[in-house]
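I have placed the structure first, in the form of structure tokens, so that the comments after it can refer back to it.
Start at 1 with the first residue, then count along the sequence.
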Amino acid sequence: MSKSSDSFMVTIKDHKTVKHPPQNTLLETIEQHQIEIQYHCREGYCGACRTKLTKGQVEYKTDPLAFIDDDEILPCCCFPISDIQIDIG
């Protein structure tokens, strides 16, 4: 599998495909491209940024404490380890 130091492409349903720089969380990349997304804590506690992962894989910089389903991720504390597709709703 690829390392977190690699850049990957993030396809955001109903928005666009963007390049994810390795130093960012997924939330930071989404914000840099002026795509509106809900968030509060930025640390995986609240779950406000809960997003559907429809393709690809992510890893967490810290284990999220908010409940998420198997097909959901928390962009505030994860980063892609492959090209991904997400649905921010």
Heavy atoms of P21 and S7 approach each other most closely as CA-OG, 4.1 Å
Give the minimum heavy-atom separation between C77 and G44, together with the two atoms involved.
-> SG-CA, 3.8 Å
What distance do N24 atom CG and F79 atom CZ have between them, rounded to the nearest 0.5 Å?
-> 12.0 Å
Check whether any side-chain N or O of R50 sits under 3.5 Å from a backbone N or O of P75 as a donor-acceptor pair, and report yes or no.
-> no
Counting N and O atoms only, with roles assigned by atom type, does the side chain of Y60 sit under 3.5 Å from a partner on the main chain of L74, one being a donor and the other an acceptor?
-> yes
Report the C-alpha separation of L53 and I84 in whole Å, then their side-chain angles, then the decisive distance to 0.1 Å, and conclude whether the side chain to side chain contact (heavy atoms under 4.5 Å, CB included) test is met.
-> CA-CA 7 Å; L53 177 67; I84 64 171; 3.9 Å; yes
To the nearest 0.5 Å, atom CD of Q34 lies from atom CD of Q32 at 9.0 Å
Gap between atom NE2 of H15 and atom CD1 of I30 - 0.5 Å precision = 9.0 Å
Flag if over 12 foreign heavy atoms under 6.0 Å of CG, D63 = no
Give a yes or no on whether the backbone of C49 and the side-chain of T51 come within a donor-acceptor separation of less than 3.5 Å.
-> yes
Which residue pairs satisfy the salt bridge (charged side-chain N to carboxylate O under 4.0 Å, His left out) criterion with at least one member in residues 32-45, sequence neighbours excluded?
-> E31-R42
With rounding to the nearest 0.5 Å, note down the distance linking SG in C46 to CD in Q38.
-> 10.0 Å
Would you say the side chain of C76 lies within less than 4.5 Å of the side chain of T25, judging by non-hydrogen atoms?
-> no
Run the numbers on D71 and T54 for side chain to side chain contact (heavy atoms under 4.5 Å, CB included), then give the verdict.
-> CA-CA 7 Å; D71 64 343; T54 56; over 6 Å; no
Hydrophobic cluster identity match, I81 and V18, side-chain contacts under 4.5 Å | no
I37 pairs by side-chain contact (heavy atoms from CB on, under 4.5 Å) with which of I12, L26, L27?
-> L27
Spell out, yes or no, whether F8 and I35 are grouped together once hydrophobic residues are joined by side-chain heavy atoms under 4.5 Å, including indirect joins.
-> no
Looking at M9 and D83, what are the two nearest heavy atoms and their distance?
-> N-OD1, 2.8 Å
Closest approach of T29 and H20, non-hydrogen atoms and distance?
-> OG1-ND1, 2.7 Å
Verdict with supporting geometry, I68 and I73, side chain to side chain contact (heavy atoms under 4.5 Å, CB included) | CA-CA 7 Å; I68 53 174; I73 59 171; 5.6 Å; no
With sequence neighbours left out, which residue pairs that include part of residues 7-20 fulfil the salt bridge (charged side-chain N to carboxylate O under 4.0 Å, His left out) condition?
-> K13-D87
Rounded distance (nearest 0.5 Å) linking atom OG of S82 with atom CD of E59 | 10.0 Å
